[in-house]
Amino acid sequence: MRYTELLRIGALLCGASGTTVAAATVAFGYDDRTQNIVLLSTIWWLICGTGALFLISRRGGKPSEAVERLLVDAPTQKMPEEPRVGRTLLSRLWPLALATLLAVIGGAVFGAQVSGITAGLPLAWAISWRAQEFAVKAVEERDGVAFVVIPTGPFTPIKLVRGPGLRRDRPVDLSIDPPRPR
């Protein structure tokens, strides 16, 4: 499975997780006595989203240090093994499913404030992972490679290999002015 696909699916699932936990917050905080919790949770979600956008803008389109180190350490391999999409997704994203389940159960048992606070984190992660996908895609296009995730166990760190990608025949023209006709 390509690393950019894992990041894209992870971003979508983080957004779905945050939305599910936010919906649980609204459902649990629907009572007249706890409507302020829903309002405060909404403000918290906005703070998390704008905080993630601020951190991404400070990075300037570059991958984070951890992702950059992962890309640099990826060994080159001519033919990566067959993708095991389901196994790779399950082994990489099971903590997200567990956290979502625990947040919804925590909101039901302890109150809407638990799920309200928890919902902001996956929303921020979704924004961050989406930005990482674009940064990795830019590196792949620049170097003409494709980073592929090696299937590993659920408790081992993620490992990548650098596989063949599409190379450009000519350099990209970065000039702003269009060519003038003669």
Side-chain angles (χ1 to χ4, degrees), residues 1-59 61-71 82-137 147-160:
M1 159 174 230
R2 288 186 60 167
Y3 187 49
T4 53
E5 292 173 358
L6 177 67
L7 290 171
R8 183 178 335 121
I9 293 170
L12 291 172
L13 290 177
C14 280
S17 169
T19 304
T20 302
V21 177
T25 302
V26 172
F28 299 141
Y30 186 70
D31 190 12
D32 289 336
R33 296 171 290 155
T34 58
Q35 284 184 349
N36 288 339
I37 292 174
V38 174
L39 177 63
L40 291 173
S41 296
T42 305
I43 293 169
W44 169 246
W45 302 332
L46 290 172
I47 290 170
C48 287
T50 54
L53 288 172
F54 175 73
L55 291 175
I56 290 168
S57 67
R58 290 199 46 153
R59 204 177 310 140
K62 296 179 183 176
S64 68
E65 290 178 14
V67 171
E68 192 173 330
R69 188 172 39 253
L70 189 64
L71 297 178
E82 285 294 318
R84 298 180 184 150
V85 177
R87 179 180 173 207
T88 304
L89 286 176
L90 188 62
S91 69
R92 295 291 116 209
L93 299 177
W94 68 268
L96 178 65
L98 182 64
T100 304
L101 181 65
L102 291 176
V104 171
I105 291 172
V109 173
F110 298 112
Q113 63 271 19
V114 172
S115 56
I117 291 171
T118 310
L121 301 176
L123 295 174
W125 286 336
I127 293 169
S128 176
W129 280 34
R130 189 69 175 157
Q132 292 299 319
E133 177 201 349
F134 290 128
V136 171
K137 199 175 285 188
F147 293 100
V148 179
V149 179
I150 298 173
T152 57
F155 297 106
T156 57
I158 190 168
K159 293 181 183 176
L160 301 179

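Small disclaimer: the values here were computed from a predicted structure and weren't measured. Just so you know, these numbers use all the heavy atoms, side chains as well, and skip hydrogens, waters and symmetry mates.
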S.K.: What heavy-atom pair brings T118 and A103 nearest, and what distance separates the two atoms?
M.R.: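 That closest heavy-atom pairing would be CG2-CB, 3.4 Å.
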
S.K.: Sub-3.5 Å donor-acceptor pair from the side chain of W45 to the main-chain atoms of A124, do we have one?
M.R.: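 Here the side-chain-to-backbone pair does not exist.
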
S.K.: Does the side chain of Q113 come within less than 4.5 Å of S41's, by heavy atoms?
M.R.: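 No; the side chains remain at least 4.5 Å from each other.
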
S.K.: Could you walk me through whether I150 and I158 pass the side-chain contact (heavy atoms from CB on, under 4.5 Å) check?
M.R.: CA-CA 7 Å; I150 298 173; I158 190 168; over 6 Å; no

S.K.: State plainly whether the residues K137 and E133 are in salt-bridge range, i.e. N to O under 4.0 Å.
M.R.: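 E133 and K137: salt-bridged.
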
S.K.: How many angstroms lie between atom OG of S128 and atom CG of L53, to the nearest 0.5 angstrom?
M.R.: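 S128 atom OG to L53 atom CG measures 10.0 Å (nearest 0.5 Å).
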
S.K.: What are the two closest non-hydrogen atoms of F147 and L160, and how far apart are they?
M.R.: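 Smallest heavy-atom distance, with atoms named: CB-CD1, 4.3 Å.
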
S.K.: Is there a side-chain contact between F110 and F28, using heavy atoms and a 4.5 Å cut-off?
M.R.: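 Of all side-chain heavy-atom pairs linking F28 with F110, none is under 4.5 Å.
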
S.K.: How long is the gap from CZ on R130 to CD1 on I56, to the nearest 0.5 Å?
M.R.: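 One gets 11.0 Å once the value is rounded to the nearest 0.5 Å.
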
S.K.: Atom CG of L13 and atom OG1 of T100: how far apart are they, to the nearest 0.5 Å?
M.R.: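 These two atoms lie 9.0 Å from each other.
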
S.K.: Look up atom CD in Q132 and atom NZ in K62, then write down how far apart they are to the nearest 0.5 Å.
M.R.: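 Separation between the atoms: 13.0 Å.
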
S.K.: Is there side-chain contact between Y3 and L70, with at least one heavy-atom pair below 4.5 Å?
M.R.: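 When only atoms from C-beta onward are counted, L70 and Y3 do touch, with a gap below 4.5 Å.
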
S.K.: May I ask you to decide whether E5 forms a salt bridge with R8, counting only side-chain N to carboxylate O separations under 4.0 Å?
M.R.: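 Answer for the salt bridge query: no.
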
S.K.: Starting at CZ of F134, measure out to CH2 of W129 and round the result to the nearest 0.5 Å.
M.R.: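 Nearest 0.5 Å value for the CZ-CH2 distance: 15.0 Å.
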
S.K.: Hey, does L96 have a side-chain heavy atom less than 4.5 Å from the side chain of C14?
M.R.: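 Answer yes - side chains close enough.
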
S.K.: If you define the side chain from C-beta out and look only at heavy atoms, does anything of V149 sit under 4.5 Å from R2?
M.R.: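 The answer is no, as the side chains (C-beta and beyond) never meet within the 4.5 Å cut-off.
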
S.K.: Do you know the tightest heavy-atom contact between A135 and P63?
M.R.: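 Nearest heavy atoms, A135 then P63: CB-N, 3.5 Å.
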
S.K.: State, to 0.1 Å, how close V104 and A24 come at their nearest heavy-atom pair, and which atoms those are.
M.R.: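 Answer, listing the atom of V104 first, then A24: CG2-CB, 4.2 Å.
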
S.K.: If we only count heavy atoms from C-beta on, is the L7 to V136 side-chain gap below 4.5 Å?
M.R.: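 With C-beta onward as the side chain, the pair touches.
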
S.K.: Does S115 offer a backbone N or O that forms a donor-acceptor pair with the side chain of T25 under 3.5 Å?
M.R.: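 Yes, the answer is positive, given that a donor and an acceptor are paired below the 3.5 Å cut-off.
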
S.K.: Using 0.5 Å steps for rounding, measure from the CG atom of L93 to the CG atom of L98.
M.R.: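 So the CG of L93 and the CG of L98 are separated by 12.5 Å.
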
S.K.: Please report the shortest heavy-atom distance between A126 and A11, naming the atom on each side.
M.R.: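 Heavy-atom minimum between the residues: CB-O, 3.4 Å.
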
S.K.: Is it the case that the side chain of T156 and the backbone of T152 share a donor-acceptor pair, with hydrogens and angles ignored and the cut-off at 3.5 Å?
M.R.: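 A pair under 3.5 Å: no.
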
S.K.: Search all heavy atoms of G18 against all heavy atoms of L123 and return the closest pair with its distance.
M.R.: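 Looks like CA-CD2, 3.9 Å.
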
